[in-house]
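Shown next, in structure tokens, is the structure this report addresses.
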Amino acid sequence: MKKDAKLVILLLILVAVIIIVPLFVLKGAQFGGSDDAGSVKVEEISGEYEPWFTPILETVLDGEIPGEVESLLFCVQTGIGVGVIAFLMGRMVERKKHEKSDTAC
């Protein structure tokens with residue numbers, strides 16, 4: 001097996017360990033988001049907290065966004081980000097290949 005393949009396998013195992021270990025070590029822990037954590041902490045410290053604004057979609061819908069829609073929007077945002085990063089990485093790889101082929105001629 002090549003050295004690169006061994007490194008990739010080792011890194012994949014490390015990623016799996018990093019994902020799985022907290023689930024067993026921190027039994028009963030709540031892995032919540034940080035959306036409301038800041039406002040809750042500020043309210044605990046100062047006693048009164050009023051947000052500066054309300055999100056645009058909540059204003060348009062006259063209420064909170066359903067959890068499923070919020071998850072969908074987050075997934076779409078993630079997909080767009082991954083697409084941009086993958087595109088840029090592909091461009092860099094192809095540029096490097098093109099530069100090597102130019103110097104070889």
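Throughout, numbering of the chain's residues begins at 1 and tracks the sequence. Values below: every heavy atom of this structure, side chains too, minus hydrogens, waters and symmetry copies.
Grouping Ile, Leu, Val, Met, Phe, Trp and Tyr residues whose side-chain heavy atoms lie under 4.5 Å apart, directly or via other members, places Val60 in a hydrophobic cluster with Ile56. Grouping Ile, Leu, Val, Met, Phe, Trp and Tyr by side-chain contacts under 4.5 Å, direct or through others, leaves Val93 on its own. With side-chain heavy atoms closer than 4.5 Å counting as contact, directly or through intermediates, the hydrophobic cluster containing Leu12 also holds Val8.
For Val76, the side-chain contact (heavy atoms from CB on, under 4.5 Å) partners at least two apart in sequence or on another chain are Leu72, Ile80. Listed by chain and number, the residues in a side-chain contact (heavy atoms from CB on, under 4.5 Å) with Met92 are Met89 (sequence neighbours excluded). In this view, Val42 and Ser46, Tyr49 satisfy the side-chain contact (heavy atoms from CB on, under 4.5 Å) rule, not counting sequence neighbours. For Glu44, the salt bridge (charged side-chain N to carboxylate O under 4.0 Å, His left out) partners two or more places apart in sequence, or in a different chain, are Lys41. Looking at residues two or more places apart in sequence or on another chain, you find a side-chain contact (heavy atoms from CB on, under 4.5 Å) between Val82 and Thr78.
Here the straight-line distance linking atom SG of Cys75 with atom CD of Glu70 works out to 11.0 Å at 0.5 Å rounding.
Sorted by first then second residue, the salt bridge (Lys or Arg N to Asp or Glu O under 4.0 Å) pairs that include residues 77-94, not counting sequence neighbours, are Glu94-Lys97.
For the pair Leu10 and Leu14, the minimum side-chain heavy-atom distance is 4.5 Å or more.
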